Student: 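Please read through the structure below; I'll follow up with questions.
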Amino acid sequence: MPELPEVETARKVLEHALDREICSVDDNDEWVCRPHPPGEIARALVGGRLTAAHRRGKTMWCETVDRDGAEGPTLGVHLGMGGRVIVTNDEGERVGGGPERPDRRPRKPEWDRFTVDFADGGRFRLFDKRRLGRIRLEPDLSGLGPDAEEISAADFRTRIARSRSAVKARLLDQSVLAGVGNLLADETLWRARINPAAPADELSRTQLDRLYRNLEQALQAAVANGGVHTGEVIEHRHAGGHCPRCGAEMRHGTVGGRSTWWCTKEQQ
DNA sequence: AACAATGTTCAGTC
DNA sequence: GGACTGAACATTGT
């Protein structure tokens, strides 16, 4: 489920993995750790420590130091479509909370795509059934726009409206602003009563400001309530669903290459 | 059985 | 260069 709110939760979990000596690293999943060959990330980290956990949009990265305390490489962590960060103590108990979803099915060990073991017996792992998450050294953040939680109204307006593309495609474009995913985009557009397919450069100043306000509100609500799936329109995104405000039918289509639902009456 | 799913990236095309 | 499409990744759920 990771969009900005979930990734921020994961970042906080990751903070529990800081300042502990790294004694071994399993980086053998060549897909998740690409382009690094197995062992490369391990060599870069073993003996050192993670010292800070940052986030911009859906991308996280840790600062590191080596065994002598000198600056080490940054470690990029991306959850992809369904990855989770899990940190445990020396008794295997979860620390730092995070999604409390009890596992209904037994967890296969191979779903741990990357693990860092600490000298104190603790462990950090990227748990990711779908293998769409990613770990890499020195991740390139230059292609990311400003974080959706931090962008100003004025910056938001200019960046979104700079193109003819559908406004939803602009919201999803991580180089325009970072952190909005498919569900949050639908929730935001529904709250703002704007058609997802509307050309971004044809939105009025009023609409852009309404979009901005509703993005910030949807973001706050998602953080407070535990994730983007708690959005007001999310449970109505299905065939036969109705708008929870006006009762009109919800319509489905593809916008910006992603599955999209909108209210036929309020989002014309 | 077929198809869609919260994300990114890359190749190909217009 | 910009924008769009489809594929790839592996698994689950409808």
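Remember, it's a predicted structure, so these values are computed and weren't measured experimentally.
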Student: If only side-chain N and O atoms count, and only distance matters, is there a donor-acceptor pair under 3.5 Å linking A/Glu249 with A/His242?
Tutor: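 Not at all, the side chains of A/His242 and A/Glu249 share no donor-acceptor pair under 3.5 Å.
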Student: Should A/Arg237 be listed as having a side-chain N or O under 4.0 Å from OP1 or OP2 of B/dT6?
Tutor: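 Checking B/dT6 against A/Arg237, a side-chain N or O does come within under 4.0 Å of OP1 or OP2.
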Student: Just to be sure I understand the rule, does A/Arg162 reach a base, reach only the sugar-phosphate, or reach nothing, if contact means heavy atoms closer than 4.0 Å?
Tutor: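 No contact.
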Student: Under a 3.5 Å cutoff, is there a donor and acceptor pairing between the side chains of A/Asn182 and A/Lys168?
Tutor: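 Indeed, the side chains of A/Asn182 and A/Lys168 share at least one donor-acceptor pair under 3.5 Å.
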Student: Can you tell me the distance, in whole Å, between the CZ atom of A/Arg113 and the C1' atom of C/dC9?
Tutor: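 Distance check: A/Arg113 CZ to C/dC9 C1' gives 10 Å.
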Student: According to a strict under-4.0 Å criterion, is A/Ser165 in side-chain N/O contact with OP1 or OP2 of C/dG2?
Tutor: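 No.
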Student: Quickly work out the A/Leu4 CG to B/dT8 P distance and round it to whole Å.
Tutor: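 Spelled out: CG on A/Leu4 to P on B/dT8 is 11 Å.
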Student: Between A/Arg130 and C/dA10, is there a side-chain N or O to OP1/OP2 distance below 4.0 Å?
Tutor: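 So the side-chain polar atoms of A/Arg130 never come under 4.0 Å of the phosphate oxygens OP1 or OP2 of C/dA10.
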Student: Between A/His78 and B/dT8, does any side-chain N or O lie under 4.0 Å from OP1 or OP2?
Tutor: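 For A/His78, the contact criterion (side-chain N or O under 4.0 Å from OP1 or OP2 of B/dT8) is met.
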Student: Can you identify which nucleotide, out of B/dA5, B/dT6, C/dT12, has its nearest atom closest to the A/His252 side chain?
Tutor: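 Nearest to the side-chain atoms of A/His252, counting from C-beta on, is B/dA5.
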Student: Would you mind reading off the distance between A/Asp140 atom CG and B/dC10 atom P, rounded to a whole angstrom?
Tutor: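 Those two atoms, CG and P, are 11 Å apart.
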Student: For A/Arg34 and A/Leu183, find the nucleotide of DNA chain B closest to each by heavy atoms; which residue's nucleotide sits nearer the 5' end?
Tutor: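 By nearest-heavy-atom nucleotide position, the 5'-most residue is A/Leu183.
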Student: Would you mind reading off the distance between A/Trp31 atom CH2 and C/dT11 atom P, rounded to a whole angstrom?
Tutor: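 So the two atoms are 14 Å apart, to the nearest Å.
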Student: Any donor-acceptor pair under 3.5 Å linking the side chain of A/Thr51 with the backbone of A/Glu63?
Tutor: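 Pair found, side chain donor or acceptor close to backbone of A/Glu63.
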Student: Within the structure, does a side-chain N or O atom of A/Lys58 lie under 4.0 Å from either OP1 or OP2 of B/dG7?
Tutor: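 A/Lys58 to B/dG7 OP1/OP2: side-chain N or O found under 4.0 Å.
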Student: Quick one: is C/dT11 close enough that its OP1 or OP2 comes under 4.0 Å of any side-chain N or O from A/Trp111?
Tutor: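 Yes.
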Student: On a whole-Å scale, what distance lies between the P atoms belonging to B/dA4 and C/dT5?
Tutor: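 Each nucleotide's P atom is 15 Å from the other's.
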Student: To the nearest Å, give me how far apart CG (A/Asp173) and P (C/dA3) are.
Tutor: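 Distance, rounded to whole Å: 8 Å.
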Student: Using the P atoms only, state how far B/dT6 lies from C/dA3, rounded to an integer number of Å.
Tutor: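 After rounding to an integer number of Å, I get 22 Å for this pair.
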Student: So does A/Arg258 get a side-chain nitrogen or oxygen closer than 4.0 Å to the phosphate oxygens (OP1/OP2) of B/dG7?
Tutor: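 Affirmative; the distance criterion is met.
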Student: Using both distances under 3.5 Å as the test, list the Watson-Crick or G-U wobble partner of C/dT11, or none.
Tutor: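 By the stated definition (distances under 3.5 Å), B/dA5 pairs with C/dT11.
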Student: A/Ser259 and A/His252: side-chain donor and acceptor closer than 3.5 Å?
Tutor: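 Distance-only check passes for A/Ser259 and A/His252.
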Student: Taking only the C1' atom of each, what is the distance from B/dA1 to C/dA8 in whole angstrom?
Tutor: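 Nearest-Å result for B/dA1 against C/dA8 at atom C1': 22 Å.
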Student: Taking only side-chain N and O atoms of A/Ser259, does any of them lie within less than 4.0 angstrom of OP1 or OP2 on B/dA4?
Tutor: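 No, because none of the side-chain N or O atoms of A/Ser259 sits under 4.0 Å from OP1 or OP2 of B/dA4.
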Student: Find the distance A/Gln174:CD to B/dG7:P and express it as a whole number of Å.
Tutor: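 Checked: the CD to P distance equals 8 Å.
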Student: In whole angstrom, what separates A/Leu132's CG from C/dA10's P?
Tutor: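 About 9 Å, once rounded to whole Å.
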Student: Using whole Å, report how far CD of A/Glu6 lies from C1' of B/dT6.
Tutor: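 That distance rounds to 7 Å.
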Student: Taking OP1 and OP2 of C/dA3, is either one under 4.0 Å from a side-chain nitrogen or oxygen of A/Ser163?
Tutor: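 Indeed, a polar side-chain atom of A/Ser163 lies that close.
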Student: Are A/Arg11 and A/Glu6 ion-paired here, with the side-chain N under 4.0 Å from a carboxylate O?
Tutor: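 Answer for the salt bridge query: no.
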Student: Counting Watson-Crick and G-U wobble pairs only, both distances under 3.5 Å, name the nucleotide matched with B/dC14, or none.
Tutor: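 Per the H-bond distance test, C/dG2.
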Student: So, A/Asp147 and A/Arg56, do they make that salt bridge, N to O below 4.0 Å?
Tutor: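 A salt bridge is absent here (no side-chain N lies under 4.0 Å from a carboxylate O).
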